[in-house]
Structures are given as C-alpha cells and as structure tokens.
2 protein chains.
Amino acid sequence: MTVSITDVARVAGVSASTVSRALRGRPGVSDEVRAQIAAVAGQLGYTASRSASSLASGRTFTIGVVAPHIGRWFFGTVLDAAETVFSAAGYDVLLYNLGSPEARKRFFTRLPVRKRVDAVLSLLIPDLEEEEALRSLGVPLATTVGGARDGFTVVGIDDHAGATSAVRHLVNLGHRRIGMISGESEPLHWTTPIARRQGYLDVLAEAGITHDPALEADGGYTVEGGERAMTELLAVSRPPTAVFAQSDEMAMGALRALRRHRLRAPDDVSVIGFDDHELAEVVGLTTIAQPVPAQGAEAARLLLRQLDEPVAEPAPTGHVRMPIRLVLRETTAPPSPRSPL
Amino acid sequence: MTVSITDVARVAGVSASTVSRALRGRPGVSDEVRAQIAAVAGQLGYTASRSASSLASGRTFTIGVVAPHIGRWFFGTVLDAAETVFSAAGYDVLLYNLGSPEARKRFFTRLPVRKRVDAVLSLLIPDLEEEEALRSLGVPLATTVGGARDGFTVVGIDDHAGATSAVRHLVNLGHRRIGMISGESEPLHWTTPIARRQGYLDVLAEAGITHDPALEADGGYTVEGGERAMTELLAVSRPPTAVFAQSDEMAMGALRALRRHRLRAPDDVSVIGFDDHELAEVVGLTTIAQPVPAQGAEAARLLLRQLDEPVAEPAPTGHVRMPIRLVLRETTAPPSPRSPL
DNA sequence: AAACTGAACGCAAACGCTTGCGCAACAGCG
DNA sequence: CGCTGTTGCGCAAGCGTTTGCGTTCAGTTT
C-alpha cells in the first residue's frame, strides 16, 4: 500500500542503498542515476519512513518543545516563531503542553521525548530534578525563559533592566506611590518575577522612595489575577497613583479593575505593563516591549546550529540578550491632583 | 548507553518479547513476571524507543496537528486544549504551523506526517488538493473549522446562527445602519466568513433594512485589518451607527480606530464581536461567545475514539455543533441621537 | 600489458522493537 | 492414564531504513 524504498529501488533498477544515498544527497551516486531515482521517487510519491530512518540512523529530525500553557500569548508566540524556523530547516516539532501538574509530572517521569528528538526547546523553567531529566536526554537544550543554566542555551531579555526603565518612567512622571503587580505564586526557579521585582525596588531606592509592602500584590501572571491584585491595591488606605504590572496580561486585568471602580487610566492611576502583548496597543497600554517572536526564532536557530556542529563540542551553551524598549502609549501620565484617590 | 529492551530482558532473566508484552499490558505474561519486569524497567529507566516500536507495530501514538498561526488566540487555545486531551491519552503531538504559503506548500507536498501519525487534527481549511493529500494518509481526520467535509470529523459552531444573533441584537437596540467587518481575503474554502456574512444579510432582510454594500469592509481577521476596516466605514458618507465584526480581534481593531477618531463605543457607535476572545472582557466587548477550548478538546476526543474503534469502520465522520451565546458587555447600546455621526 | 586507482554501486548487517507461531508444562476431563 | 485445552514464555521473522565494507569496472599509471 504505502511505497517503500525497495519499491523505488526495484522500479529504478538499483539497490535500496543507492536510493537512500541518492535521495539524501550522499556521495557515491552518479548524477544520472541520482536524477533517475529522484524521478521515480517523485512519481511514486515516496517519502521515507521517519520511524525507520531514525531507528537506523539515530537522527530523528525532530525537536521537542515543552511549554506551559501554549494558549497564553507569550508562549504561543514563541512557539509559533520557533516552529517556523524548525520546519524551514526540515525539522518537525513534538509539542508538550505542560500546563497541569499532572501533565508535567507525566512528562518528566516517562520522558516521552527520549530517543525521539534531536534537541529540546523548553519554554518553562524546570526544577532541579526536571533539569537533570532533560540533561539525561543527551541532546542540545535551549530555553527562552529564566536565567542562565548549565547546559542550556538561553535566549532572553534583561528583566531587571526592563523593570527598571518601567518604574523609572513612572518616577519621572512624578509618581511617588508606585504599586506593583507581580507573580509570586508562579513555580519555583522562575527567575523573571524576582528580577523584575528587584528592578522595581532598585528604582524606588534610587529615587529615595521608601518601599511600602502594601503596594505589592500578586497577580499570578493572568488577567483575572491582575484584576484581583489591582482591586487589592485600590483598597489600601493610600492607594498608589501608578502601578507597574509585571506582564501586560496583568496590566489589562488592572485596567479592567479600574473600570469596575469607575476610575480611569491614566487620569486616576497610571498603569504600565511588560511584554508588549499583541493587544497592548489596542487598549493603549504603555509597556516595556520585548521581541517575543524574535526570541523564539533565535533560540531555534541556536539549537539548529548546535545540531549542525561536528558534535563532540562541549555543549556550547550561550546566553543571548534581546533588546527591550519602553513603549509610550496612553495609560501613563503625571499624577493628577484632582484624582478622587 | 541508552538502555534497550534486551538489556531489561537480560537483567530480568526473560526474553525481549516477554518484556515487550509485559510492559504494554499484553496477555501471556504471569503477574509475578510482569511485576518483576516492571521493577527492572523502572530501575533501569527504560523507555521503549518510539521509532522502533512504531516501525514494528505500525502504530505511532502520535497525532499530527496542523494549524495556521498558532500564535493567534483562537488556534493557540484550540491547540492547547487538544494537546491536553491527547497527551492524557498517551499520544504525542506533532505540530505543523502553516502560517506562510511556503510552509504550507512544503507540508502538503512532502507530507512529513506520512507514516508518522495515527490521526490528524486540522485547524485550517484545506483546499481540494490538500484535502486529498490528507485523505491519502489513510488515518482519521478531524477539524474544528469550516463546514462538513467528507472523511472529516468536524467540531464547530453554527456560524450563521451566531452572526444572526449578533446582528439581531443590534437591530433590537434600534440600529438601522449596521456595518460589518468581515474577512473576505482569507483563503478559499474557508466557510466561516461566508456563513457569518449570510447571517448578517438575513437579519437585515428580516428587519426590512436594505443592505448597503458600502457598510461592509474587509478586516482580514486581524486587529490591524479591523482597524483599517473601521476607518473605512467611518469615512463613508453616512457611517453606520453599529458594527458587527466577524471576530473579536477585528472588533478590537475597530475600537482602536474609534479611539483614534475621538469616538466612543457605544456612545457614538456600537460594536459587537465574535468569539469571546480571552481579552474581550478586558475591553468590555459585547460578543458572541463560542467554547473554544471545548471545541479543541472535543475534536481530540472524537479522534481518539476513532483510533480505539475496531478499525474497519467506514470512517465515522460526524459533525458536532457546540453552543454559542450572546455576551452582553459595554460596547453596544441604542443609537444615540446626539452622536456627531 | 599488468598493476593500481577511484567512483559507483550492491550486500548484508544492524537499529530496537512487535508478533505469529511453536513448544513446554500443567490443569482438567472422561 | 492418555487427551485435549490453557497458560506462559521463547524463537525468529519481520518493520523500512542507513551504512560499513566489498565488488566491479572504467580509467589511469608504470
């Protein structure tokens, strides 16, 4: 039913090995025979069985991508870009969506990518045990989140610098009571919230503003969480006049909370986000932009490069930092003395 | 280096075939031996090579998912839900992101899923040729977009009914000049825009409103397109007092255009979307909600069911329709006589 | 003209599993 | 006590490739 390499060989009047060599551009086949074989293969609609070829060669031409919540904008966008690069290079991608704890545990114990992929791109931060499991795969590893890790090529941004310029922007506008919506409840080893928070603290310090813990609220990196967090911040005795949300999704939740309270941004409180979400422009959100698709693409490219290298390399793990920039839109302004707050 | 089935067999003191049967729960192995083997396998960290086992068995335990733009909310969300179902059932997913024409052509000519997947979930509408290519794979097929197609299990919504209730809502509010932002420039065979447009036309007719072609604009199903389309609509001699956007993304673009023109929704023009995008609530967009994750999950489940069936079935292609509902938020209201329009 | 090249190709052995079949061993039956 | 069934397991033949090695043969060398 499905045509195999021997069928092609028979029709072309050569051996299977020659067909294999011819189709993969390996030397040892004359140009005419090669052309002949290509013609026959095309005509018969032959495609080599990946199972068989990877069994025989050890190469799978497949990349494993593991991510939490592909549904979320950030991960979906990174995945989109990475997949594009991989498939253009002839690699397929095996996707693992590890949103739930069960899925995550299942993945790391059974490790279904073992012997199935040539490399792994991780969009989540593995804990130590998980990290070890990934390393045990013996393939190149890359990630677009978190800080540098042994054996991982990481492509990311300077979270601290991003947070710094966000908060500094608020300070420059004249704000003194600046709140932050963070994501402390995220899994361990997730350094982003920590770095962004530190940026926030550092700017406060440099501006001589004493840090008020009541002005920090947890938004869990979701829209709803951001809304809840903003609501909390509005409930403190002296609410902030500006808020730095560690992600645009949380910032949008914050905007929603403001609307619910009949307050307006930036008239009553300024809001700045982080990420430059696809829809940030739609809601006019001022934010720190990071090149999300570029990060995915770059990570993919670096991974592919490692695969092309003459092996035996001592795992050329690198750390590339992508540029960030402040995008001014309509949710930040100087504090208004007329605000009801 | 990596442990194979024979290693396990040797350690457990049995043959490889017994290990294979034991680990996969096949009959013909006594309980004690089975337990023994399981123990050894666990201890050795053995995982069967997927390549080898699918080569031998023909089963791949992998599902191919092809989608345009996984980065877009709708597809990302469907994918997320579907992947969750698949992986819970022990299947892996091979992802193909066919955003660009080149990627798409490459996929359908080389058909990298051939002999590599047990089923395919398509989130894009194949043209006739592509459809034939998919069918030639000889595996169960499903889709969450478009109308019924031979050999496909389709899970979707009633686009016509959704559009109908959207436009009827506007009519009930008292609007007579109702514009539409559609997506005509999308690829052929994409029935959604057609069905939604028909719903629009039908309601106009039933309300005795004569259809004005100048009130239709193409938004290409993107935010920017929606913004452009709204701008066009505002430029006609007598602009609409309400607009039905065929997707929330376009509706958000429309809102953005309104803001740019110093107009407000719903004060100056009402806007209703379609999909109930994750962020629709954030911007207060009235819309037609469809259960996106549920569609992905359901399609995945139906596909798995076909795989479990005793084969030889005459391709039990079904067509399930998920419920939709009107979600009232803050972008629709009766037409205002005081509007500058 | 004999010996020596490569280049082009075929042979056959993996790769690590699955599975039909055969063969013991043992149970239950008349 | 022989006979027929079961049950539990091993044998070995694939599955469709890739690849090291061997062979053939035309084209150089001496």
Side-chain angles (χ1 to χ4, degrees), chain A residues 1-38 40-41 44-62 90 92 111-118 138 311, chain B residues 1-38 40-41 44-62 111-118 138 311:
Chain A
M1 162 179 152
T2 71
V3 19
S4 80
I5 199 173
T6 54
D7 298 327
V8 177
R10 185 164 1 92
V11 175
V14 297
S15 76
S17 27
T18 301
V19 173
S20 175
R21 283 187 271 254
L23 260 25
R24 289 177 311 135
R26 288 300 167 83
V29 184
S30 68
D31 289 345
E32 11 178 10
V33 172
R34 193 184 295 273
Q36 225 279 10
I37 290 176
V40 172
L44 261 46
Y46 168 75
T47 308
S49 155
R50 279 292 235 275
S51 314
S53 83
S54 55
L55 176 57
S57 71
R59 296 268 289 165
T60 67
F61 283 97
T62 301
D92 292 337
L111 228 35
V113 289
R114 182 174 300 181
K115 305 176 197 170
R116 265 202 107 179
V117 298
D118 292 339
V311 198
Chain B
M1 161 180 154
T2 72
V3 21
S4 80
I5 197 173
T6 54
D7 298 326
V8 177
R10 184 163 0 91
V11 175
V14 296
S15 75
S17 26
T18 301
V19 173
S20 173
R21 282 187 271 254
L23 260 25
R24 289 177 310 136
R26 287 301 166 85
V29 184
S30 67
D31 290 345
E32 12 178 10
V33 171
R34 191 184 296 273
Q36 224 281 12
I37 290 176
V40 172
L44 262 47
Y46 168 74
T47 308
S49 154
R50 278 292 235 274
S51 313
S53 80
S54 55
L55 176 58
S57 70
R59 296 268 288 164
T60 66
F61 283 97
T62 301
L111 227 38
V113 289
R114 183 174 300 181
K115 306 178 198 168
R116 265 201 107 179
V117 298
D118 292 340
V311 198

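A note on names: the letters A, B, ... follow the listed sequences, proteins ahead of strands, and every chain is numbered from 1.
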(request) Would you please confirm or rule out a distance under 4.0 Å between OP1 or OP2 of C/dC9 and any side-chain N or O of A/Ser17? (result)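 Looking at the OP1 and OP2 atoms of C/dC9, neither is under 4.0 Å from any side-chain N or O of A/Ser17.
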(message) Using five base pairs at each end to define the local axes, how bent is the helix from C/dA1-D/dT30 to C/dG30-D/dC1, to the nearest 10°?
(response)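 Rounded value for the end-axis angle: 50°.
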(request) Just jot down the salt bridge (Lys or Arg N to Asp or Glu O under 4.0 Å) partners of B/Arg10, sequence neighbours excluded, or say none. (result)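 Only B/Asp7 meet the salt bridge (Lys or Arg N to Asp or Glu O under 4.0 Å) criterion with B/Arg10.
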Taking only N/O atoms, report every protein-nucleotides 25-28 of chain C pair under 3.5 Å with atom names and distance.
none

Using a 4.5 Å cut-off on heavy atoms from C-beta on, say whether the side chain of [Y] contacts that of [X].
X: B/Arg34; Y: B/Thr18; value: no
X: A/Pro112; Y: B/Thr47; value: no
X: A/Asp118; Y: A/Thr62; value: no

(request) Round to the nearest Å and state the distance from B/Tyr46 atom OH to C/dG16 atom P. (result)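 Value for this atom pair: 10 Å.
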(request) Give the rounded distance in Å between these two atoms: CD1 of B/Ile5 and C1' of C/dT19. (result)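 From B/Ile5 CD1 to C/dT19 C1': 12 Å.
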(request) Please report the C-alpha distance between A/Ser54 and A/Thr60 in whole Å, then the side-chain angles of each, then the deciding distance to 0.1 Å, and finally whether the side chain to side chain donor-acceptor pair (under 3.5 Å) criterion is met. (result) CA-CA 5 Å; A/Ser54 55; A/Thr60 67; over 6 Å; no
(request) Specify the residues of residues 24-37 of chain B, ordered by number, for which at least one heavy atom lies under 4.0 angstrom from an atom of DNA chain C. (result)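 Those residues are B/Arg24, B/Arg26.
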(request) Give, ordered by number, those residues of residues 47-61 of chain A having at least one heavy-atom distance below 4.0 Å to an atom of DNA chain C; if nothing qualifies, reply none. (result)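 Within residues 47-61 of chain A, the residues near DNA chain C are A/Leu55, A/Ala56.
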(message) Return the CD1 to CZ distance between B/Ile37 and B/Arg21, rounded to the nearest 0.5 Å.
(response)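 If we round to the nearest 0.5 Å, B/Ile37:CD1 and B/Arg21:CZ are 10.0 Å apart.
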(request) To the nearest 0.5 Å, tell me how far A/Ser53 OG sits from A/Leu23 CG. (result)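 One finds 11.5 Å between OG of A/Ser53 and CG of A/Leu23.
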(request) Anything under 4.0 Å to a heavy atom of chain B counts; send over the first and last such nucleotide of DNA chain D, read 5' to 3'. (result)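 Footprint of chain B along DNA chain D, 5' to 3': D/dG8 to D/dT17.
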(request) Give the minimum heavy-atom separation between A/Arg50 and A/Asp92, together with the two atoms involved. (result)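 Heavy-atom minimum between the residues: NH2-OD2, 3.3 Å.
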(request) Could you say whether B/Val19 or B/Lys115 is positioned toward the 5' end of DNA chain D, judged by the nucleotide with the nearest heavy atom to each? (result)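 Taking each residue's closest nucleotide, the earlier one in sequence belongs to B/Val19.
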